[in-house]
Novice: 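If you scroll down you'll find the structure; I have some questions about it.
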Amino acid sequence: MTAKKARGKKKKHSYIWLSVLSVVLFFFVWWLFTEGSLGTIKENVLPGPIKVFQTLIDKFSNKNPDGATMQVHLWASLKVTLTGYVIGCLVGIPLGILMGWYEKADMFVNPIFDFIRPIPGIAWTPLFILLFGIGMLPKVIVIALATFGPALVNAYTGIRQTKEVHIWVGQTFGASKGEILRKIAIPSSIPFILTGMRVGLGVAWSTIIGAEMLAATAGLGYLINLCRGIYRPDIIIASMICVGVIGAALGLVLTFLERQLMKGGRW
Amino acid sequence: MQMEQTRKIEKNIITLEHVDKEFEKVKEGGVFEVVKDLNIKVRENEFLVLFGPGQCGKTTILNMIAGFEEPTAGTIRMKGEKINGPDPSRGMVFQNLAIFPWLTVMGNVEYGLRMKGVDKKTRREKAQYYIDLVGLKGFENHYPIQISGGMKQRVGIARAYCNEPDVILMDEPFGALDAQTRYLMQDEIIRIWEAEKRTVIFVTNNIEEAVYVADRIIVIRNCPTNVKAEYEINLPRPRSYIDPDFLKLRREINNVVDHTL
Amino acid sequence: MLERKAKMWQKIAAAAVSFALLILIWQLAAMNPQFSQVMPGPFAVLQKFFVSFVEPIGKNVMLQHMLITLSRWAAGFIAATILGIALGLTMGWYRGFEAFMRPLFELVRPIPTLAWIPLVILWCGIGELAKYVLVFIGAFMSIVQNAYHGAKSVDRTIVNAARMLGCNDRQMFFTIVIPASVPAISAGLQIGVASAWSSVVAAELVRSSSGVGWIVVTGQQNNNMTQILVGILVIAVIGLLLALLIRRVEDVLCRWNKRGR
C-alpha cells in the first residue's frame, strides 16, 4: 500500500521534471545556437536569450531607436484597445440581447450581421484610416468592430439558451415580458456574455497590434514593425514578450471578474 | 431446480480475499475507506447479485474485479491467478452505457473481435449472432444516438458477450431505464444468460430486481463496504413478482439491508 | 413541416428587406455630394467589383487575387490542421509528452498571431513562405488547443470499455482517442478557419504585392475608397464561404453526434 502510494508520487514528480527539462532545454538550445559555442545564427536574424532579456529591461528606460520607451508604447496600445473594447462591448452586448429576445429584430439584423462577421477586424483599418487619418479614432473604431462580433454572438446565444422552464416559472408568477427578460433571461446568460467578453478582449488585443503596424506613430505594433525595417529582432522579440504578458494579464483580470460575479451561486 | 443443484457443486471462478480499497481525499487529505476486508467467492456459471444501498462502493468492487482499479490491500484472483489490469476474459456492461457513439451497433458489437484481429467475415457473423440474441436484428447500421436507452443497453450486453468472456460484470445496467423497459430487460438478461451460460456478477440497488434475477444474492454493507448477508435464491424460473415465496424473501432481505438517506 | 417552410420564407424575406433597406439608405446618402466625396454609393462599389474581374487591379484581375489569397490560406491551414491535430492529440493523451510539450506551447500561446508578422517577414522574407507561416501560426494555436482538450476529456468509462474489450495502447489511440475527439477537433477547425483568414488578410495588408488584402491597402494608399470597399466585400464573401465549407465538413464528420438532436 505504501509502496503504491510512493510510486504514484514519484510519477507525478517525474512529470514536473520533464516540464522543467523542456523549458530549460528550449532556452539552452536557443542560447547554444546564438550566444553559445555553436553560435552560427547572426544577431540580426535571431539574437540570443540573454541579449533579448537585456534589451527588454533596457527598453523601459532607453528611447532609442524609435524615440519612446516601452511603457509609452504599451500605454498607447492599451489606451486604444481598452477604449475600443468598452465601446464594442457596450454596443455588442445589448444588441445581442435584443436580437436574442425579439425574434423580429433577429430576423432583420442577423443577416446583415452574418455578412459582416467574417470580415476580420484588421481589414477595416485602411477604410477608417482613409476616413479619419492615422490618429486614435480609426483604431478605436477598428477595435470596437473587432470586439463587437464575439460580444454580440455570445450575448445572443446566452439569451437564446435561457431554459424554457425558467421562463415558465416567471410566467406562472405573473412576471411581465420585460421582467422575465431582466430577471431571468439576462442573469442566466451572464456566463455566455462573459465568455464573449473574454474572446473579444483577445481579438481586440491581437487586432490592435496589427492595426498599429498599418498606421501609428506609437504602440507595440508600431514598434515591432519599425524594428523589422531596421533589423532589430531583439526589440521585436522583447516587444512580443510584452504583448504576450499583457494579453495574458488582461485575460486573467477577466477570469477574476468572472469568478467574483459567479460567486453568487446563481447558476 | 435440478440445474441449480448441479451448478452449486462447481468450482469458484473468482475469489476476493481480505480486499481493502481506500481513496485519497484530495481536498481534506487523509483517506476514505470504501471497501474493508471484503471476502467473496464467485462460483462458475452462477448469476450472482451484489445488492446494497445507494453509494456503498459496489461499482468500486466491480471495477476492481474488472481490473480498472487495484485494491489497496488483499488479493483478487480469477481461476487462481491474480488479476492484473483489465482483460478480455472479464467483460463489463456499464451503468452509463459507455458504448462508442461514433460506431454503429454492428461496429460496437464487433469491436472486441476487431481489436483481436479477427477477420471481417468471421467477426461479422459472430456479432450478428449476438445482435440477434439481444433482439437488435435490423438495427445493425444505426448509430447509438438513433436508438432508445433500452436498445443501447442491449448493445452494451451484446458487445460484452461477443468478446466471449468467462465472466460478465454488470454495473446497475438497468438503472437508467424506465420501469417498463426495466422489467422487460430483466427477463431478457435471464434469457440471454440461459442461452449463453457464463458467470454473471450483477450489481443493483433494487431489491425486487435482485430477487428476480439472482441465483445468489450477497448483501453489501454501507461504507466501508463488506459482506453483510448472503442468500441462495432457489425460486424456480421464470419467477413472479407476486409469488408469496418471492415476497417473503424480499421482505427478509429488506430487513437486513442498511437504509441510508 | 409547412409551418417551417413558411418560417424560412419569412426569414429570407426579412433578410432581403433589411439588405435592401441598407443599400437604399447608403445610396440616398451617396446622392449627397459631400458624402459621395468620401464614400461611393453601393452601386458604384458593385460595379467596380464586377469590372475588376475583367480590368486588372494592379497586375491581376480579381479572380487571380482571390486565388492567390486562397492558396496562401489553404497552404497554411492544411499544414496547421495536420500538424495541429497530431500535436494536440498526442499532447492530450500521453502524459509524458504533455509534460514536455505543454510548457513550450503555453510559452508561445499568449502572443497574438498578428504580432508574429514582422518577425516572420524578417525570417522568411516577403515572399509566399512568410504568408504560409503566418496562416499556419494563426490556425495552429486554436487547432492544437481544441484537439488537446478533446483527447484530454475522453470519457473514462469509454476508455475502460475499450480496455476491457482487449484493445492495446496503439489501438486505444487510433480507435478511441481520435474518434472521441472529433467534435472537439472540428470546433477547433471552425475557429482555426476564421483566424487563418484573418492572418492572411493581415499579412497581405502589412506586406504583399497581390491578394485581396493588398487590394484594400493599395486602395488606402491611392485614396480610392471604392477599391477598399470592393476588397472588404470580397473578404467578407470568401470568409463566409470558408466558414460554410468547414461547417459542412463538421456535419459530415460528426454525423454520429448530431443526428436526431
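Owing to the predicted nature of the structure, the values given are computational and were not obtained by experimental measurement. Just so we're on the same page: letters track the sequence lines, and every chain starts at 1.
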Novice: Identify which part of C:Ile232 has an atom lying under 4.5 Å from any heavy atom of chain A, answering side chain, backbone, both or neither.
Specialist: both
Novice: If you count heavy-atom pairs within less than 4.5 Å of chain C, which of A:Ile241, A:Ile112, A:Leu131 leads?
Specialist: A:Ile112
Novice: Can you check whether A:Pro150's main-chain N or O pairs, donor with acceptor, with A:Asn154's side chain at less than 3.5 Å?
Specialist: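 Pair found, side chain donor or acceptor close to backbone of A:Pro150.
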Novice: Closer than 4.0 angstrom, basic N to acidic O: yes or no for C:Lys131 and C:Glu128?
Specialist: no
Novice: Which atoms of C:Val206 are under 4.5 Å from chain A, going by heavy atoms: the side chain, the backbone, both sets, or neither?
Specialist: both
Novice: Distance-only, no hydrogens or angles: does the C:Thr113 side chain make a donor-acceptor pair with backbone N or O of C:Ile137 under 3.5 Å?
Specialist: no
Novice: Quick check on A:Ile224 against chain C: is it the side chain, the backbone, both or neither that has a heavy atom closer than 4.5 Å?
Specialist: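 When you check distances to chain C, atoms from both the backbone and side chain of A:Ile224 fall under 4.5 Å.
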Novice: Please classify the contact between A:Leu220 and chain C as side chain, backbone, both or neither, with a heavy-atom cut-off of under 4.5 Å.
Specialist: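 Neither part; nothing is under 4.5 Å.
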Novice: Between A:Phe128 and chain C, with a heavy-atom cut-off of 4.5 Å, which part of the residue counts as in contact: side chain, backbone, both or neither?
Specialist: neither
Novice: With only heavy atoms counted, which part of A:Asn44 is less than 4.5 Å from chain C, the side chain, the backbone, both or neither?
Specialist: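 For A:Asn44, the contact with chain C is made by the backbone alone.
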Novice: For the residue pair A:Ile235 and A:Pro65, establish whether any side-chain heavy-atom pair is separated by less than 4.5 Å.
Specialist: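 They are in contact (side-chain heavy atoms under 4.5 Å apart), so the answer is yes.
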Novice: Counting heavy-atom pairs under 4.5 Å to chain C, which of A:Asn225, A:Val203, A:Leu127, A:Val245 comes out on top?
Specialist: A:Leu127
Novice: Taking side chain as everything from C-beta outward and backbone as N, CA, C, O, which of these in C:Ala243 sits under 4.5 Å from a heavy atom of chain A? Side chain, backbone, both or neither.
Specialist: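 No part of it gets close to chain A.
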Novice: Checking heavy atoms, do the side chain of C:Ala194, its backbone, both or neither come under 4.5 Å from chain A?
Specialist: neither
Novice: When you look at OH of A:Tyr102, are more than 12 heavy atoms from neighbouring residues, nucleotides or ligands closer to it than 6.0 Å?
Specialist: no
Novice: Sort C:Leu242 into side chain, backbone, both or neither according to what part of it lies under 4.5 angstrom from a heavy atom of chain A.
Specialist: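 For C:Leu242, there is no contact with chain A at all, as no heavy atom is under 4.5 Å.
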Novice: Using non-hydrogen atoms and a 4.5 Å limit, figure out which bit of A:Asp114 sits close to chain C: side chain, backbone, both or neither.
Specialist: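 For A:Asp114, backbone heavy atoms alone lie under 4.5 Å from chain C.
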Novice: Measure A:Ile129 against the heavy atoms of chain C and call it side chain, backbone, both or neither at under 4.5 Å.
Specialist: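 Contact with chain C: side chain only.
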Novice: With distance as the sole test, does C:Lys152 use its side chain to make a donor-acceptor pair with the main-chain N or O of C:Met91 at under 3.5 Å?
Specialist: no
Novice: Would you say C:Asp169 has more than 12 foreign heavy atoms packed within less than 6.0 Å of its CG?
Specialist: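 Result for CG/C:Asp169: open.
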Novice: What option among C:Val217, C:Asn223, C:Val17, C:Ile117 has the most heavy-atom pairs under 4.5 Å with chain A?
Specialist: C:Asn223
Novice: Under 4.5 Å from any heavy atom of chain A, what part of C:Ile228 do you find: side chain, backbone, both or neither?
Specialist: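 C:Ile228 touches chain A through side-chain heavy atoms alone.
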Novice: Below 4.5 Å, heavy-atom pairs only: which of C:Gly219, C:Ser199, C:Pro110 has the largest tally toward chain A?
Specialist: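 Going by pairs under 4.5 Å, I would pick C:Pro110.
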Novice: Can C:Leu122 and A:Val45 be said to form a side chain to side chain contact (heavy atoms under 4.5 Å, CB included), step by step?
Specialist: CA-CA 7 Å; C:Leu122 194 74; A:Val45 175; over 6 Å; no
Novice: Do you know which of C:Ala202, C:Ala15, C:Gly231, C:Pro112 has the most heavy-atom pairs with chain A at a distance under 4.5 angstrom?
Specialist: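 If we count pairs closer than 4.5 Å to chain A, C:Pro112 comes out on top.
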Novice: Specify the closest pair of heavy atoms between C:Gly213 and C:Leu205, including all atoms of both residues, with the distance to one decimal.
Specialist: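 Closest approach of C:Gly213 to C:Leu205: O-CD2, 3.3 Å.
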Novice: Please classify the contact of A:Ile236 with chain C as side chain, backbone, both or neither, using a heavy-atom distance under 4.5 Å.
Specialist: side chain
Novice: Select, from C:Ala13, C:Ala14, C:Ser195, the one with the greatest count of heavy-atom pairs under 4.5 Å involving chain A.
Specialist: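 Of the candidates given, the most pairs with chain A belong to C:Ala14.
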Novice: Tell me, side chain or backbone of A:Ile237 under 4.5 Å from chain C's heavy atoms, or both, or neither?
Specialist: side chain
Novice: Please flag which part of A:Met107 lies under 4.5 Å from any non-hydrogen atom of chain C: side chain, backbone, both or neither.
Specialist: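 Both backbone and side chain of A:Met107 come within 4.5 Å of chain C.
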Novice: Is the ring pair C:Phe77/C:Trp73 parallel, tilted or perpendicular, if the boundaries are 30 and 60 degrees?
Specialist: parallel
Novice: Are A:Tyr222 and A:Asp66 close enough, and set up right, to give a side chain to side chain donor-acceptor pair (under 3.5 Å), and what steps lead you there?
Specialist: CA-CA 10 Å; A:Tyr222 164 76; A:Asp66 50 281; over 6 Å; no
Novice: I'd like to know if A:Glu103 pairs up with C:Lys11 as an ion pair, taking the criterion as any Lys NZ or Arg NE/NH1/NH2 lying under 4.0 Å from an Asp or Glu carboxylate oxygen.
Specialist: no
Novice: From A:Arg198 CZ over to A:Glu258 CD, what is the distance, rounded to the nearest 0.5 angstrom?
Specialist: 4.5 Å
Novice: Among C:Asn224, C:Val38, C:Leu104, C:Leu22, which residue forms the greatest number of heavy-atom pairs with chain A at distances under 4.5 Å?
Specialist: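 When all of C:Asn224, C:Val38, C:Leu104, C:Leu22 are compared, C:Leu104 has the most.
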Novice: With a 4.5 angstrom heavy-atom cut-off, which part of C:Ile238 approaches chain A: side chain, backbone, both or neither?
Specialist: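 For C:Ile238, neither part sits under 4.5 Å from chain A.
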Novice: At a 4.5 Å cut-off on heavy atoms, which part of C:Arg207 comes close to chain A: side chain, backbone, both, or neither?
Specialist: side chain
Novice: Using a 4.5 Å cut-off on heavy atoms from C-beta on, say whether the side chain of A:Leu46 contacts that of A:Trp30.
Specialist: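 They are in side-chain contact.
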Novice: On a heavy-atom basis, which atom in A:Ala204 and which in A:Thr147 lie closest, and how many Å separate them?
Specialist: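 It is CB-OG1, 3.7 Å.
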Novice: Is it the backbone or the side chain of C:Val216 that comes under 4.5 Å from a heavy atom of chain A, or both, or neither?
Specialist: both
Novice: Please look at A:Thr207 and chain C and tell me whether the side chain, the backbone, both or neither of the residue comes under 4.5 angstrom of a heavy atom of that chain.
Specialist: backbone
